[in-house]
Amino acid sequence: MQYDVTVIGSGPGGYVAAIRAAQLGMKTAIIEKYNVLGGTCLNVGCIPSKALLDSSEHFYNATHHFAEHGIEIPAPKVNLEQMMARKKGVVEKMNGGINFLMKKNKITVYNGFGSFIDKNNIKIKKADGSEEQISTEKVIIATGSKPTILPFMNYDKKRIITSTEALTLTEIPKHLIVIGAGVIGAELGSVYARLGAKVTFVEFADSMIPTMDKTMGKELQKAVKKLGTDFYFNTKVTKIENLGEEVLVSADGADGKPVEIKGDYCLVCIGRRAYVDGLNLEAVGITTDRGKVVVDEHTLETNVKGIYAIGDVVRGAMLAHKAEEEGVLVAETMSGQKPHINYNLIPGVVYTWPEVASVGQTEEELKAKGISYKSGQFPFKALGRATASGDTDGLVKILAHKDTDEVLGVHIIGARAADMIAEAVMAMEFRASAEDISRTSHAHPTYMEAVKEAALAATDNRPIHT
Ligand code: FAD
Ligand code: NAI
């Protein structure tokens with residue numbers, strides 16, 4: 001078979017690129033090594049983790065908050081099997097959705113492992129061992145990422161696990177040790193803490209979610225601590241051992257003293273690595289840098305003409321919506337358009353409760369770059385809507401340029417922050433000033449009023465409700 005474009009990998013980068021290419025009239029094929037489409041995000045990432053976050057949040061509210069709302073129920077119990085079955089159902093429903101979209105856009109799907117024979121020929125190795133070969137004018141590499149795990153961590157998929165196994169546990173851990181208090185640690189640690197597990201975080205840096213604005217990490221830690229969790233910061237793990245029913249984590253502690261922690265499960269979430277294994281990139285001479293495929297900043301074309309790469313397999317944030325934007329960009333670039341992505345405005349969200357959401361630059365980044373800025377904050381506890389719902393933890397922080405008032409960064413921790421950040425992204429896309437946001441009418445009572453008030457605080461310190 002001969003295609004205009006072949007996409008290798010069906011995650012949010014790959015399947016979106018395939019749809020956009022097909023929309024633009026290209027004869028398109030997509031190759032996926034698993035027998036389901038959707039990649040990490042749909043099958044072992046964004047969607048199943050959010051399903052468990054939502055279920056565990058319901059349970060936590062039922063046990064901790066219903067009574068204060070005047071709702072009396074007998075002590076709720078977790079049916080983990082049902083919770084997992086529901087999560088599986090959510091994923092399957094969306095797998096069906098992607099199959100539908102492939103058919104609708106007349107994209108040919110190949111289930112099998114794709115690798116380069118040469119620049120225009122791809123081999124597909126199927127699960128039954130048979131092989132097929134297709135020809136293509138252009139290729140998009142969208143093979144995503146896998147969890148990083150170091151040899152001394154003795155990953156066994158049973159007690160020493162990554163996020164993939166943590167999404168399918170058959171029992172609630174008694175004591176879950178989480179290595180890395182980044183995004184996955186915060187989210188999946190929250191899931192099991194809400195379901196009753198003791199959770200201990202061991203983190204190399206000095207705070208949770210250390211790459212986000214420091215205020216966010218500090219506030220999130222307070223909220224996650226309320227779930228009964230423990231933290232070891234500035235602590236470097238040196239060994240993880242499966243002792244049978246128990247796991248032993250050894251580390252060098254903050255004060256230089258050795259630390260030993262025993263639990264029944266250990267979740268390792270210390271980042272992810274680009275996945276190019278078996279692609280045979282050497283056959284076409286594609287350049288990589290520390291495992292990532294090197295691409296042109298604007299076109300995402302590799303050093304080999306006609307071969308592009310997108311998503312987790314290239315530089316930048318490992319996020320589904322970033323991969324999607326890149327998929328669209330590449331398809332449009334191939335068809336002669338000149339699209340652009342503003343990477344500074346890719347939002348980042350942590351789906352804990354309260355949620356954390358950020359766009360633009362952090363206070364630490366502005367300081368490091370010597371950019372003069374002003375900051376305005378507004379706490380959720382001063383909001384009517386948050387008081388009514390009982391979700392009073394959190395704040396909005398707006399950073400604006402000291403002279404021009406242009407919004408440079410917005411950082412939110414609080415109920416519905418994940419959705420609230422869209423206003424900030426849109427405002428920044430249009431290069432709004434804090435004054436612009438502060439003079440925009442926001443419905444009352446809503447959580448969004450905190451954004452307006454933080455903008456008022458950033459412009460001459462004139463919030464109304466604090
Ligand atoms: P992937 O989704 O990794 O897809 C790559 C696909 O390529 C896979 O299906 C793989 O099987 C296939 N493949 C690889 N090699 C080959 C080959 N040689 N032949 C054929 N097929 C191949 N991001 C968010 O934005 N929001 C979230 O809430 C979020 N939650 C997450 C939760 C967890 C637990 C994890 C692990 C990740 C989460 N992410 C989230 C990150 C998100 O999943 C990734 O950024 C996103 O999936 C990257 O998309 P991609 O298309 O680049 O690659
Ligand atoms: P991460 O980069 O968010 O966090 C890893 C953490 O581990 C960091 O805080 C780091 O300091 C720490 N760490 C590294 N090595 C360590 C060591 N040896 N000992 C102790 N701590 C160590 O990576 P994470 O959580 O694994 O997630 C991977 C990727 O998946 C992220 O980059 C993120 O983009 C994506 N993701 C996104 C989500 C979202 O958008 N809501 C949810 C989950 C994952």
Side-chain angles (χ1 to χ4, degrees), residues 7-17 30-34 36-50 52-53 110-116 122-125 140-150 152-153 162-164 166-167 178-189 201-212 217 232-238 240 249 251-252 267-280 309-314 316-324 326-327 346-352 355-357 418:
V7 184
I8 309 179
S10 74
Y15 87 78
V16 168
I30 191 163
I31 308 171
E32 171 53 55
K33 71 173 181 162
Y34 292 119
V36 284
L37 303 180
T40 303
C41 180
L42 173 50
N43 297 293
V44 290
C46 326
I47 302 301
S49 63
K50 264 79 261 179
L52 292 183
L53 276 154
Y110 291 92
N111 289 109
F113 194 93
S115 60
F116 285 97
I122 308 288
K123 181 168 82 182
I124 303 158
K125 186 159 190 196
I140 303 175
I141 301 170
T143 48
S145 63
K146 292 278 179 209
T148 299
I149 192 134
L150 304 170
F152 63 83
M153 293 179 165
T162 66
S163 55
T164 303
L167 291 167
V178 177
I179 314 299
V183 196
I184 294 182
E187 290 188 357
L188 293 178
F201 293 95
V202 184
E203 166 60 54
F204 197 58
D206 61 357
S207 69
M208 286 193 87
I209 49 169
T211 54
M212 293 181 92
Y232 288 84
F233 289 118
N234 301 304
T235 300
K236 192 176 162 206
V237 173
T238 50
I240 308 174
V249 173
D252 293 333
L267 166 62
V268 180
C269 39
I270 56 168
R272 294 177 64 85
R273 66 168 178 96
Y275 181 73
V276 291
D277 302 8
L279 265 179
N280 200 18
I310 58 172
D312 282 9
V313 82
V314 303
M318 288 183 159
L319 295 173
H321 43 283
K322 178 259 192 186
E324 290 184 30
E326 292 185 333
I346 302 282
V349 174
V350 190
Y351 294 83
T352 42
E355 294 170 338
V356 184

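Counting starts at 1 for both ligands and their atoms, following the listed order. No experiment lies behind these values; they were computed from the predicted model shown.
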Partner set under salt bridge (charged side-chain N to carboxylate O under 4.0 Å, His left out) for Arg273, not counting sequence neighbours
Asp277
Heavy atom of the protein closest to [atom] (residue, atom name, distance):
atom                    : answer
atom 32 (O) of ligand 2 : Met318 CB, 4.1 Å
atom 16 (C) of ligand 2 : Ile270 CG2, 3.5 Å
atom 44 (C) of ligand 2 : Ile184 CG1, 3.3 Å
atom 5 (C) of ligand 2  : Cys269 O, 3.5 Å
atom 39 (C) of ligand 2 : Val349 O, 3.3 Å
atom 30 (O) of ligand 2 : Arg272 CD, 3.7 Å
atom 38 (C) of ligand 2 : Val183 CG1, 3.3 Å
atom 20 (C) of ligand 2 : Phe204 N, 3.4 Å

Any protein heavy atom sitting closer than 4.0 Å to atom 14 (C) of ligand 2?
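Protein heavy atom within 4.0 Å of atom 14 (C) of ligand 2: present.
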Strictly under 4.0 Å, does any heavy atom of Glu203 approach an atom of ligand 2?
yes
Measuring from non-hydrogen atoms of Ala317 to any atom of ligand 2, is the shortest distance under 4.0 Å?
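No, that is not the case, since the closest heavy atom of the residue is not under 4.0 Å from the ligand.
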Not counting sequence neighbours, which residues clear disulfide bond (SG atoms under 2.5 Å apart) with Cys269? List them please.
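With neighbours one apart ignored, the set is empty.
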Side chain of Ser145, backbone of Tyr275: donor and acceptor closer than 3.5 Å?
no
Heavy-atom pair of closest approach, residues [X] and [Y]:
X      : Y      : answer
Glu326 : Val314 : OE1-CG2, 3.7 Å
Ile209 : Val183 : CG2-N, 4.3 Å
Ser49  : Leu188 : CB-CD2, 4.3 Å

Could you work out, with side-chain contact (heavy atoms from CB on, under 4.5 Å) as the rule, every residue matching Thr211, not counting sequence neighbours?
none
Between Leu150 and ligand 2, does any nitrogen or oxygen pair lie at a separation below 3.5 Å?
no
Which one holds for Thr211 and ligand 2: side chain close, backbone close, both close, or neither close, with close meaning a heavy atom under 4.0 Å?
neither
Relative to ligand 2, is Glu187 under 4.0 angstrom through side chain, backbone, both or neither, heavy atoms considered?
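The answer is the side chain of Glu187.
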If you count only heavy atoms, which residues are under 4.0 Å from ligand 1?
Ile8, Gly9, Ser10, Gly11, Pro12, Gly13, Gly14, Ile31, Glu32, Lys33, Tyr34, Gly39, Thr40, Cys41, Val44, Gly45, Cys46, Ser49, Lys50, Gly112, Phe113, Gly114, Ala142, Thr143, Gly144, Ser145, Ser163, Ile184, Arg272, Tyr275, Leu279, Gly311, Asp312, Met318, Leu319, Ala320, His321, Ala323, Tyr351
